[in-house]
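Accompanying notes for the structure given below.
Throughout, a chain's letter reflects where its sequence line sits, starting with A, and its residues are numbered from 1.
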Amino acid sequence: MISETSSSSNFIRHIISQDIKDNKHNGKVITRFPPEPNGYLHIGHAKSICLNFGMAIEYKGSCNLRFDDTNPEKESIEFMHSIEQDIAWLGFNWSYKYHSSDYFEQLFEYAIELIKQGNAYVDSLSAEQIREYRGTLTEAGKESPDRNRSIEENLSLFAAMRQGEFTDGHYVLRAKIDMASPNINMRDPALYRIKRVHHQRTGDDWCIYPMYDFTHCISDAIEGITHSLCTLEFEIHRPLYDWVLEKLQTTTQPQQIEFARLQLEYTVVSKRKLAQLVNENFVNGWDDPRMPTIAGLRRAGYTPASIRDFCERIGITKKDSWIEMGVLENCIREDLNDNAHRAMAVLHPLRIVIENYPNDQEEILEVSNHPQKPELGTRKIPFSQVILIEKDDFAENPPAKYKRLVEGGEVRLRSAYVIKCNKIIKTEDGKIIELRCSYDANTLGKKPEGRKVKGVIHWVSEHHAVNAEIRLYDRLFTIANPESKDDFLTVVNPDSLQTLTHCKVEASLGNAKASQRFQFERTGYFCVDAVDSKADKLVFNRTVTLRDTWS
RNA sequence: UGGGCUAUCGCCAAGCGGUAAGGCACGGGGUUUUGAUCUCCGCAUACCCAGGUUCGAAUCCUGGUAGCCCAGCCA
């Protein structure tokens with residue numbers, strides 16, 4: 001279970017702390033995470049999950065998972081499964097799992113209660129008419145001719161609605177509030193609609209389904225939720241939330257509190273847009289490592305702890321804000337820097353023959369898995385006459401301050417010897433295909449005598465290295481706010497994925513397990529792709545690069 | 001121009017009448033067999049603007065300005 005150490009507070013903690021002090025809700029804290037099962041969870045949901053479960057943990061309360069499944073047209077069991085999996089992966093345990101549909105019968109009874117009070121009525125206006133009658137932001141709406149239908153008639157009509165005696169959309173149950181309210185949500189909002197759609201859980205039991213505004217507050221009350229945390233766009237619904245509970249005199253009165261939703265630079269989070277990226281093949285599925293979905297982040301190699309850390313760092317406020325990508329990246333770097341084992345992988349191999357190293361010799365070097373953490377153990381790395389280094393780590397015409405290998409220069413092979421480049425071998429058309437070097441046998445684990453060697457580069461033994469495919473991912477969009485474009489697809493980054501199929505990784509990586517994470521020294525953090533990597537065909541995804549203060 | 005909400009460093013964010021925390025980013029020094037990590041230092045006389053109250057205001061009052069949200073039988 002996750003324990004929370006909070007660095008700075010936020011307004012929701014203030015409210016909850018005060019409520020506990022006042023013994024409101026008998027000092028209890030019960031929250032809920034209420035996703036609609038109509039899509040995959042994304043990083044924005046992670047913020048809400050961390051908040052709701054986090055408050056419950058911090059205040060020794062509880063948090064329910066509640067599927068808000070009142071619109072069967074868009075929802076499915078598959079989405080429920082993925083949502084549960086993602087929450088569990090993030091490290092949270094719900095106290096109870098509920099569905100709004102569990103309450104359909106009670107909701108129906110509550111609706112009848114409202115009708116009996118004279119606070120709801122069955123309306124025969126069409127959707128278009130209701131829109132016209134609603135008025136505008138600056139003009140009051142006008143009352144429906146059905147508004148003063150008798151309670152008895154409303155009761156029998158509503159019962160008939162449930163019995164399936166009317167076609168879809170023929171009637172709607174509405175709250176009777178105030179058609180002149182400056183808050184449009186209070187202008188007799190719809191409570192129930194007729195919709196003959198098979199529900200994933202209740203099957204064909206119902207042909208009328210309750211609306212969000214009616215369902216959510218009552219569901220909260222039924223579960224004894226104390227603090228109903230939701231995003232800012234529901235703020236304007238709060239008077240309705242409170243109205244319903246007040247009229248119904250529910251035994252508990254949950255308090256709705258709104259916070260600003262997460263906006264992350266270089267990403268898009270709307271379901272429609274995410275679906276478009278998948279359907280039009282800009283990415284390879286909902287769990288593509290470039291997607292801001294939890295599944296995508298997981299496949300990219302993000303850890304649950306790093307995402308929780310991110311959610312804690314960005315804070316909770318009511319202010320619209322944009323979080324820079326660097327914050328998320330910093331969180332995963334910090335985690336992986338501490339915990340990922342180091343390894344060597346050559347992405348763009350360049351062959352080196354060490355001429356003074358016996359060609360039939362082979363050494364097994366014992367190398368630390370983490371330079372600062374000996375407790376993470378060691379691994380064995382073979383060294384031999386022919387090795388592979390990164391193309392970039394040799395320069396025929398080096399830029400200023402270049403400290404890797406140059407002709408006639410020396411460089412340290414990480415965890416091995418210092419070598420000197422004696423000769424460049426080129427093809428007829430001038431391409432460098434090989435380097436002839438010599439090594440200083442007296443530099444294994446010790447500094448070379450009489451000179452300083454600044455550069456350190458990674459390498460693998462050609463004969464022992466394992467083939468791997470490495471996928472280099474970059475941000476999916478070329479501008480910070482893709483939503484600001486009329487067509488966000490025009491700002492998709494064409495270079496967001498670079499697939500390298502001829503990489504060579506050190507032998508120890510041959511038995512890496514699915515999803516295992518590593519730091520490939522000097523190049524970044526990578527994880528074994530959970531879907532495509534096979535024993536005979538390793539695939540690594542780049543989670544994030546190392547910080548680079550040089551280029 | 002109806003109503004609701006918001007405004008503190010490039011990006012986040014504490015602060016709740018006693019004289020601007022922290023993180024990310026950025027700049028610079030040190031350590032280093034990863035140009036990584038680690039470490040040290042620097043980074044808002046100032047809190048959207050203008051008045052006012054107060055010994056004292058980012059915090060209270062008044063008046064502005066800007067941004068976001070609401071007219072689904074979506075959530």
**Item:** With A:Val453 via side-chain contact (heavy atoms from CB on, under 4.5 Å) - residues at least two apart
**Value:** A:Glu410, A:Arg412, A:Val418, A:Pro448

**Of the listed nucleotides B:U1, B:U34, B:A14, the one nearest the side chain of A:Ser8** = B:A14

**Prompt:** How does each nucleotide of nucleotides 35-41 of chain B score, in 5' to 3' order, for protein heavy atoms under 4.0 Å: base (B), sugar-phosphate only (S), or none (-)?
**Reply:** BBB----

**Closest-nucleotide 5' rank along RNA chain B - winner of A:Glu265 and A:Tyr417** = A:Glu265

**Prompt:** Could you write nucleotides 64-75 of chain B as a row of B, S and -, 5' to 3', where a protein heavy atom under 4.0 Å of any base atom gives B, of only sugar-phosphate atoms gives S, and otherwise -?
**Reply:** ----SSBBSBBB

**Prompt:** Reckon A:Glu324 touches a base, only the sugar-phosphate, or nothing at all at heavy-atom distances under 4.0 Å?
**Reply:** base

**Residues in salt bridge (Lys or Arg N to Asp or Glu O under 4.0 Å) contact with A:Glu78, at least two apart in sequence or another chain** = none

**Item:** Presence of A:Ser9 side-chain N/O under 4.0 Å of B:A14 phosphate oxygens OP1/OP2
**Value:** no

**Message:** Considering every strand and a 4.0 Å limit on heavy-atom distances, what is the contact class for A:Lys446: base, sugar-phosphate, or nothing?
**Reply:** base

**Message:** Regarding A:Thr317, tell me which of base, sugar-phosphate or nothing describes its non-hydrogen contacts under 4.0 Å with the strands shown.
**Reply:** sugar-phosphate

**Asked** Within 45° of the axis and under 6.0 Å from the centre of the six-membered ring of A:Trp206, does NZ or CZ of A:Arg162 qualify?
**Response** yes

**Request:** Classify the angle between the aromatic ring planes of A:Tyr212 and A:His237 as parallel (below 30°), tilted (30 to 60°) or perpendicular (above 60°).
**Result:** perpendicular

**Asked** Which residues satisfy the side-chain contact (heavy atoms from CB on, under 4.5 Å) test with A:Asn38, sequence neighbours excluded?
**Response** A:Glu36, A:Lys74, A:Glu75, A:Lys271

**Fill in**
Hits for side-chain contact (heavy atoms from CB on, under 4.5 Å) against A:Thr231, two or more places apart or cross-chain, chain-then-number order -> A:Glu233, A:Phe234, A:Phe259, A:Arg261

